[in-house]
Amino acid sequence: MFSGIDEVDWASMEHAYGPADDVPELLRGLASEDPAEREAALDGMYGAVHHQGDVYACTLACIPFLFELVVDPGVQDRGGVVELLTSIGGFDLDEDDEAEIDEDEIEGAANYAMAAAAVTAGAGVFFELIADEDPGVRLAAPLALATLHRHPVRVLALLRERLPVEPDEEVRLALVEAAGRVALRHRPLAERVGTWLGLLASRAESPGLRLAALAQLARCSPDGLPGDVVPVVSGLLREMRAAPDESGGPAESAAPAAGASPGGTAARDDEEPEPVASAETGRGEHVVTPTLVGQLRSLSAQENAGRGAPWAADLLRTLHVGLDDRVGDRTALLADQLRSPDRRQRIDAVRMSGGLIRAWRGPYEELVALVGEQLSDPEPRLAEAASHVLEELFQLAAPAADALAARLAADPGGWVKTWAGGPPGLGSTVKALARLGDARAVPALAAALEREQVAHDVGFAVGHLGAAARPLAGPLRRRLADVELDENAYDRASPLLAGLTALRTGEAAPEVLRVLRGAPEYRGEWLRTAALRALGAFGPAAREAVPELRALIRRPGTASATEAAEALWAVSGDADAVLPVLIEGLRSDQVHDRRAAAVALGALGPRAAVAAPRLRGLLAHEEVWLRVDAAIALWEVSGRSRESVAALLTAWEQNRHVRVRVAECLARMGPVPEGSAAAHVLRSELASVRRHNAMDGGYGSHDIHEDEKLLALCRQALRGTGKGSTP
């Protein structure tokens, strides 16, 4: 094995972490008899040689040796090597990707293409591996064939031929998944695959196999799904729960106690870790190793310990992806899952509910209430998952408000979470209740303000509570007065300043001024910005700060001058003093500073009409956010909307993330004329089921809140409740 490996000039190549001269050792480690060494080698391959999916010259050089490994029956854990080859060779570079490649990416793109060609050229070996004695290899081979082989008709025939004779349930599911992959990659075969999947979904003996067929049918041929897909899937889940597990009893429905080992007995710190089930096969022994791959497999094994069908959650996720915008069906299915007696199924359903609500708009009152019911479950993972989902929902969490309040009262130890590498933060239940504006969160915030180190997000929670948080003004002010103005001042003071800003606590002006005057050099600019925002929010109540603010505006064109001018206008209303500073701010070299100046000029309204030509000149700027801020400010200072609306609608189409800001302006302009371009854009947004900021593979903690805000603003603009404008 590995003939010629030492003749490769590995040292002349590089991987993600430097010279690739360690690659031969990694390859030999994959063939080791020591499971820990194999695990470490696989981790090294993913971490360096195929880092985050990248393909380097050394990755290409590995391919022949990886094929040697997968065909040698004496090598253990070959399934992991098959998966590695599938990942290396499975990158598709379509025409759109090719058109976007720049000079710096040409070499990388060429490597991807060469990897795909090299692995595809050897993909015939996977035909033999689909009947390998090792179930882990049989589990990985179908997807490799579906992804890499050049003859999909042959692959599909083999998958169908193998299914009736495959003895392992999880491998049978992989065969079905591979058929779905073939249909997705080769659309002319989709109808043929869909017909076969439909037959499996209705006739297969195993409920798991029927569920897998439905999941793939949803992905590649959704029109073939039965009209009653929700009750059908619910019935399959009930069958799977009732099916006996490997021990001969009914499938386990209760989660193991916290701290228990997979075998059900508590593990002591001084004991050697017990082997746990492999994440790939669900059988066999897997030795826990201190590698990333090892830790992920260990966590997966612990999560799945005791499950009769640990793969059911993946099938349901696939089904939900396939159902896509069928929000009603997906909601009904999740509601059924959330009523399941199986806690693990409810944990999965809670998490999938969060994913559904993040990406799609819909009526979620029943679903949210059911998620809220999980807060009282004694299984900590279930309650924690529910609170994290509710935290992201803001006003949509209203049906779970009482459940949140009950959990908050029952768990004061969870009000503040501490972390080893950063400042403490509020628990998810506190944040969820505060984001609802529910006064029942106030005692938890008051307790957080009494801790030695204040939670970093207290101020944001206060902002959502509004007037209900007025009792916290005194503690916020007192804590701010005690902040030492050293290099840690920003971390200590910023949450307090945010809370006082939200409450507009003008009586705290002396404490804020102390911070403004004594801001240290380290993060001092950030701290002064937070203090100036607070003073601006206080308005005339902060009149004692006027001399300090006048001194700060004496450096026109700087960020601090712009921020001070904005605060001075709010406190004193002295347009003559701040106008020259803000106009100069529009000339800044920094886009952020120019945006701040534009926003501040807009706040002056007609008093800043002299700045209209400069703002108009920014409507053609390449930075979309600056164009938006300038267009809004132009309308505010001139009272004329036509050119501003045109610029705003162009930005709306170019960048979905500006839409909330644009809609805020359109709502204030109102009423939007019926039949206008703006009305068409707003109605189109309201008709969309997809959230405007939904992302594939990622999300932000405020995405749902921002999208719901956008919908409310669109409705407001169409109703015409703004202050009006002049054409």
Chi angles and distances behind the side chain to side chain donor-acceptor pair (under 3.5 Å) call for Gln345, Arg241:
CA-CA 10 Å; Gln345 194 174 113; Arg241 287 197 297 268; 3.0 Å; yes
Do Met45 and Leu27 have side-chain heavy atoms sitting under 4.5 Å apart?
yes
Taking atom CG of Leu225 and atom CG of Leu217, what is their separation to the nearest 0.5 Å?
4.5 Å
Heavy-atom closest pair (Ala313 atom, Asp348 atom, distance to 0.1 Å) is CB-OD2, 3.1 Å
Arg203, CZ: over 12 other non-hydrogen atoms inside 6.0 angstrom:
no
Give the intermediate values and the outcome of side-chain contact (heavy atoms from CB on, under 4.5 Å) for residues Leu143 and Val82.
CA-CA 9 Å; Leu143 195 58; Val82 173; over 6 Å; no
Tell me, with the steps shown, if Ser206 and Arg210 meet side-chain contact (heavy atoms from CB on, under 4.5 Å).
CA-CA 6 Å; Ser206 158; Arg210 298 203 300 274; over 6 Å; no
Using every non-hydrogen atom in the two residues, find where Ser221 and Gly194 come nearest and quote the distance to one decimal.
CB-CA, 4.2 Å
Point-to-point distance, once rounded to the nearest 0.5 Å, from CZ of Phe126 to CG of Leu158
13.0 Å
Closer than 4.0 angstrom, basic N to acidic O: yes or no for Arg78 and Asp132?
yes
Taking the side chain as every heavy atom from C-beta outward, state whether Leu200 and Gln216 have any pair of such atoms under 4.5 Å apart.
no
Ring geometry between His15 and Tyr17 (parallel below 30°, tilted from 30 to 60°, perpendicular above 60°)
perpendicular
Any side-chain heavy atom of Glu392 sitting closer than 4.5 Å to one from Asp703?
no
Any side-chain heavy atom of Asp77 within less than 4.5 Å of one from Asp134?
no
On the 0 to 90° scale, with breaks at 30° and 60°, tag the Trp10-Phe65 ring pair as parallel, tilted or perpendicular.
tilted
For Ile88 and Ile63, the nearest pair of non-hydrogen atoms, with its separation, is CG2-CD1, 4.1 Å
Hey, are the side chains of Asn111 and Thr59 touching, using non-hydrogen atoms and a 4.5 Å cut-off?
no
I'd like to know whether His388 forms a side-chain contact (heavy atoms from CB on, under 4.5 Å) with Arg351, so could you lay out the CA-CA distance, the side-chain angles of the two residues, the decisive distance to 0.1 Å, and finally the verdict.
CA-CA 9 Å; His388 280 298; Arg351 293 169 179 166; over 6 Å; no
To the nearest 0.5 Å, what is the distance between CZ (Arg219) and NE2 (His320)?
14.5 Å
Nearest heavy-atom approach of Ala179 to Leu156 is CB-CD1, 4.1 Å
Taking all non-hydrogen atoms of both residues, which atom of Leu197 and which atom of Ala213 are closest, and how far apart?
O-CB, 3.5 Å
Nearest-0.5 Å distance, CD1 of residue Ile704 to OH of residue Tyr699
9.0 Å
Would you call Asp324 and Pro222 a side-chain contact if the rule is heavy atoms closer than 4.5 Å?
no
Just by distance, with hydrogens left out, do Arg346 and Gln374 show a side-chain donor and acceptor under 3.5 Å apart?
yes
Does Asp696 pair with Arg690 as a salt bridge, N-O distance under 4.0 Å?
yes
Could you measure the distance from the CG atom of Leu26 to the OH atom of Tyr46? Nearest 0.5 Å is fine.
13.5 Å
Can you tell if the side chain of Asp168 reaches within under 4.5 Å of the side chain of Glu166, non-hydrogen atoms only?
yes
CE/Met1 to CG/Leu30 distance, rounded to the nearest 0.5 angstrom?
10.0 Å
Would you name the heavy atoms of Gly354 and Val389 that are closest together and state the gap between them?
CA-CG1, 3.9 Å
Would you please test His50 and Tyr56 for ring-ring contact (aromatic ring centres under 6.0 Å, His included) and show each step?
CA-CA 8 Å; His50 189 42; Tyr56 310 92; 8.6 Å; no
Is any side-chain heavy atom of Arg138 closer than 4.5 Å to one of Pro167?
yes
Could you go step by step and tell me if Leu333 and Arg330 meet the side-chain contact (heavy atoms from CB on, under 4.5 Å) rule?
CA-CA 5 Å; Leu333 180 56; Arg330 295 178 67 180; 5.7 Å; no
Determine, for Glu391 against Lys431, whether the closest basic-nitrogen to carboxylate-oxygen distance falls under 4.0 angstrom.
yes
